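Reviewing the structure listed below.
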Amino acid sequence: MDKGKVKTQGQSDDDILQLCQAWQPEFADIVNGTKEELPPWREVNHEINFIDENKQYKYHLPRCLQALQEQLCEKMNQYINAKWWEPWTVMQAAPLLCIPKKDGTLWTALDAWQHNDNTIKDVTPLLDQEVIHEDVAKARYRSKINLTDTYKQVHICIKDIPKD
């Protein structure tokens, strides 16, 4: 065996490098950070099904600390320009929570607990996280996929956009 060529499940370091270079263009949208655009429509897109379509929610007014308002404006502009968010006129909406992270940056989340209580749950089971962690720990090579803003890139069926 040549120096520097360690076999890993039948693959040398050079083989792995060549595979990574071949896969890079195909998976660039998930390994190179978050693209500022929505992904293409898929065969299956997110649906929101309510138990009671006419239920009215009682929400408090949203608040944002003065120190985070500039970051909130920047984030909103970024999401609207990328079409992750679209301004809509709706009868009611869950307030946006503005939460400061330890490093002083802004984390936003929807206060959707009332909305979620009225949603028919998708009972798709989650994968066993322990098995995934064990499999990753055993692997010699790992990749880092940036999922920071991935949820904001999920397509919602057009008929359900006002429900989100």
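The model shown is predicted, which means the values in this text are computed figures rather than measured ones. The figures that follow rest on heavy atoms only: side chains count, while hydrogens, waters and symmetry mates do not.
Scored by the side chain to side chain donor-acceptor pair (under 3.5 Å) test, N81 finds no partners at all (sequence neighbours excluded). By the side chain to side chain contact (heavy atoms under 4.5 Å, CB included) test, C98 pairs with C64, L72, L106, sequence neighbours left out. Under the rule for a side chain to side chain contact (heavy atoms under 4.5 Å, CB included), the partners of I80 that lie at least two apart in sequence or sit in another chain are W85, P87. In this structure E134 satisfies the salt bridge (Lys or Arg N to Asp or Glu O under 4.0 Å) test with no other residue, sequence neighbours excluded. With sequence neighbours excluded, the residues forming a side chain to side chain contact (heavy atoms under 4.5 Å, CB included) with E74 are E70, listed by chain and number. Remark: E53 pairs with F50, K163 by the side chain to side chain contact (heavy atoms under 4.5 Å, CB included) rule, at least two apart or across chains.
As a member of the Ile/Leu/Val/Met/Phe/Trp/Tyr network built from side-chain separations under 4.5 Å, L97 groups with I99, W107. Other members of a hydrophobic cluster containing V131 are absent, since no ILVMFWY side chain comes under 4.5 Å of it, directly or through relayed contacts.
D52 is listed as a side-chain neighbour of N54, based on a closest heavy-atom distance under 4.5 Å. Side-chain atoms of P95 and L110, non-hydrogen and from C-beta on, never get closer than 4.5 Å to each other.
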Evaluation steps, side-chain hydrogen bond (donor to acceptor under 3.5 Å, both in side chains), between T119 and N116: CA-CA 5 Å; T119 303; N116 292 343; 4.5 Å; no
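Here the CG atom belonging to L68 is positioned 10.5 Å from the NZ atom belonging to K75, to the nearest 0.5 angstrom. Separating the CD1 atom in I120 from the CD atom in E47 is a distance of 10.5 Å, to the nearest 0.5 Å. Q66 CD to Q69 CD: the interatomic distance, rounded to the nearest 0.5 Å, is 4.5 Å.
Nearest heavy atoms, K55 versus N118: CB-ND2, 3.7 Å.
Legend: salt bridge (charged side-chain N to carboxylate O under 4.0 Å, His left out) pairs involving residues 103-119, not counting sequence neighbours: none detected.
With hydrogens and angles ignored, the 3.5 Å screen pairs a side-chain donor or acceptor of Q71 with a backbone N or O of G104.
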